[in-house]
Structures are given as C-alpha cells and as structure tokens.
Amino acid sequence: NVTALTNIQTGTFKSSLFTQELRLLSPSSKPFRYTLGAYYANVDFERPFYRGPAFALANWNATSKSSQISAFAQADWNFMPKATLTGGARVQNEKIGYTFQDIQNGNAMFSGSADDTAATWRASLRYEFTPTVNGFVTYSTGYKGQTYDLTTGFNANRAAAGPIKPETSRDIEVGVRSQLFDRKVTLNLTYFDTTYTN
C-alpha cells in the first residue's frame, strides 16, 4: 500500500542576530596608517523538526546561541616609496550553548555550553613595480569557532562528546595585480595554498 508508506517532513528555522562594530582610523595620508577596533555579536537559533509517520521517524526541537566579542588591529607602513608592509591581528572569545529535546525518543532533554578564545594574524608585503602593476605575498591564519551538531540522531553519546572542534587554517598567497594597454585590460594572477585543520 503506497499510501501507508507516505512520509512528510517539515521544519522551520528562526534566527535573530545582533552585531556591533567600532573602529578607530588614523589619517590616511601618513606613511604609517592603522585601524583599531572591537566587535560584538549575539546569535540565537530555534529549529523544530518532524519527519514521519511511516519511516525514518524524527521529532525534535533544538535551540542554539552564541555570543562573541573580539578586538582587532591592522597597520600599513610605506617603509619605501613603492613598498607597503601590512600586519594585523585579532583576538576573540566566543561562548556557545544549546538545548535539544528529542520528542520522538521519550522526550529526552539535552543541553550544554562551551567557550573558546583564539587569536589570528596576517602579514603582507606589497610592491608597486609601476603605477599599474604590483606584486604581493601574504601569510595569514584563520579560525572558525566550535559548534554543536544539532541534527536528527542527536543522543547522549553525541552530547557527551561535546562540541565539534574549531576549524583553523593557514594560508599563503603570492600574486600580481596589473592593468595593461591604458587600463583597458586587467590581468591578475594569484597562487594560494591553504591548509585546514579539523
């Protein structure tokens, strides 16, 4: 009976986000220029999910939240008429939390929280060979915060395992930016190599 095997799958996704950033900029006409800043973000998610009634049954409600605060700085230094050295760094702290109600399996309730502090940085050297041709080399690190896997199949084992580890990266880029034939043609070439962890 095909009708007896009919399933429905439904869910909504509600989110709210608040961010605020403050920056202090130095005069742009000086050989040494800087940016100082602070950033704050608060995010809330809510997701109920249902699948059934014939097979692959699921019925749960999950919430997650995160708050992040960070400080950052970047400086550009024209240490030669055609050469610019750029350096920047960012430090951030993020707190995350969740609830997971498994209605399908005895109305089991799980919750947890975690926090993490991380630093990333970037350094770059750019040289202008002509007013329309420049080359650069950049080294930078990246960070994507930890999170919880709030999907069908969440259970006590997954809750005990804690959050998914944060993703980190390091990136190397070397490139040339150029405009040729009275700026009628733009030719850009970049080599990049990125390594991700977790």
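Throughout, residue positions are numbered sequentially from 1 according to the sequence presented. Heavy atoms only: backbone and side chains are in, while hydrogens, waters and symmetry mates are out.
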Starting at [atom1] of [X], measure out to [atom2] of [Y] and round the result to the nearest 0.5 Å.
X      : Y      : atom1 : atom2 : result
Ile69  : Glu94  : CD1   : CD    : 12.5 Å
Ser178 : Leu189 : OG    : CG    : 9.0 Å
Thr151 : Arg47  : OG1   : CZ    : 8.5 Å
Tyr50  : Ile103 : OH    : CD1   : 11.0 Å

For Arg126, what residues pass the salt bridge (Lys or Arg N to Asp or Glu O under 4.0 Å) criterion, not counting sequence neighbours?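 Salt bridge (Lys or Arg N to Asp or Glu O under 4.0 Å) list for Arg126, sorted by chain: Glu128.
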
Closest approach of Leu150 and Trp60, non-hydrogen atoms and distance?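 Smallest interatomic distance, heavy atoms only, reads O-CH2, 3.8 Å.
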
Quick one: does [X]'s side chain get under 4.5 Å of [Y]'s, heavy atoms only?
X      : Y     : answer
Phe129 : Lys82 : no
Thr12  : Glu46 : no
Leu57  : Asn59 : no
Arg51  : Phe49 : yes

Any residue meeting side-chain hydrogen bond (donor to acceptor under 3.5 Å, both in side chains) with [X], in chain and number order, not counting sequence neighbours:
X      : answer
Arg90  : Gln68, Ser70, Gln92
Gln179 : Arg183
Glu21  : Arg23
Thr63  : Thr99

Step by step, work out the side-chain contact (heavy atoms from CB on, under 4.5 Å) result for Phe181 and Leu187. CA-CA 11 Å; Phe181 308 111; Leu187 179 63; over 6 Å; no

Which residues share a side chain to side chain contact (heavy atoms under 4.5 Å, CB included) with Asn105, sequence neighbours left out: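 Partners of Asn105 under the side chain to side chain contact (heavy atoms under 4.5 Å, CB included) test: Asp102.
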
Side chain to side chain contact (heavy atoms under 4.5 Å, CB included) partners for Thr117, two or more places apart: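 Listed in chain order: Val91, Asn93.
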
Applying side chain to side chain donor-acceptor pair (under 3.5 Å), which residue pairs with at least one partner in residues 30-40 are found, sequence neighbours left out?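 Listed by first then second residue: Arg33-Asn78.
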
Strictly under 6.0 Å, is that where the ring centroids of Tyr148 and Phe110 end up?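 Aromatic pair excluded; centres sit 6.0 Å or further apart.
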
What side-chain donor-acceptor pairs closer than 3.5 Å can you find for residues 134-146, not counting sequence neighbours?
{"from": "Thr138", "atom 1": "OG1", "to": "Ser124", "atom 2": "OG", "distance (Å)": "2.8"}
{"from": "Thr141", "atom 1": "OG1", "to": "Trp121", "atom 2": "N", "distance (Å)": "2.9"}
{"from": "Thr141", "atom 1": "OG1", "to": "Trp121", "atom 2": "O", "distance (Å)": "3.4"}
{"from": "Tyr143", "atom 1": "OH", "to": "Asp116", "atom 2": "OD2", "distance (Å)": "2.6"}
{"from": "Gln146", "atom 1": "NE2", "to": "Asp115", "atom 2": "O", "distance (Å)": "3.4"}

Pair up each side-chain donor or acceptor in residues 190-198 with any protein partner under 3.5 Å, not counting sequence neighbours, and list the distances.
{"from": "Thr190", "atom 1": "OG1", "to": "Arg177", "atom 2": "NH1", "distance (Å)": "2.9"}
{"from": "Thr190", "atom 1": "OG1", "to": "Arg177", "atom 2": "NH2", "distance (Å)": "3.0"}
{"from": "Asp193", "atom 1": "OD1", "to": "Arg170", "atom 2": "NH1", "distance (Å)": "3.1"}
{"from": "Asp193", "atom 1": "OD1", "to": "Arg170", "atom 2": "NH2", "distance (Å)": "3.3"}
{"from": "Thr194", "atom 1": "OG1", "to": "Asp171", "atom 2": "OD1", "distance (Å)": "2.5"}
{"from": "Thr195", "atom 1": "OG1", "to": "Arg170", "atom 2": "NH2", "distance (Å)": "3.2"}

Short question: side chain of Asp182, backbone of Lys184 - any donor-acceptor pair under 3.5 Å?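 Checked: no pair found.
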
Is it the case that the side chain of Asn7 and the backbone of Ala54 share a donor-acceptor pair, with hydrogens and angles ignored and the cut-off at 3.5 Å?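 Yes; at least one donor-acceptor contact below 3.5 Å.
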
Tyr127 and Val176: same hydrophobic cluster, using ILVMFWY side-chain contacts below 4.5 Å?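 In one cluster: yes.
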
Honestly curious: do Met80 and Leu85 fall in one hydrophobic cluster under the side-chain, below-4.5 Å linking rule?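 Yes; tracing contacts between hydrophobic side chains, which count when under 4.5 Å, links both residues.
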
Salt bridge (Lys or Arg N to Asp or Glu O under 4.0 Å) pairs, two or more places apart, involving residues 147-157: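 Those involving residues 147-157 are Asp149-Arg158.
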
Which of these passes side chain to side chain contact (heavy atoms under 4.5 Å, CB included) with Ile96: Pro163, Ser113, Ser67?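 It is Pro163; the other options fail the test.
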
Output, in order, the C-alpha distance, side-chain angles, deciding distance and verdict of side-chain contact (heavy atoms from CB on, under 4.5 Å) for Thr186 and Asn188. CA-CA 7 Å; Thr186 296; Asn188 296 330; 3.7 Å; yes

Strictly by ring pair (Phe, Tyr, Trp, His ring centres under 6.0 Å), give each pair with a member in residues 7-32 just once, sequence neighbours left out.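 Only Phe13-Phe45 qualify under ring pair (Phe, Tyr, Trp, His ring centres under 6.0 Å).
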
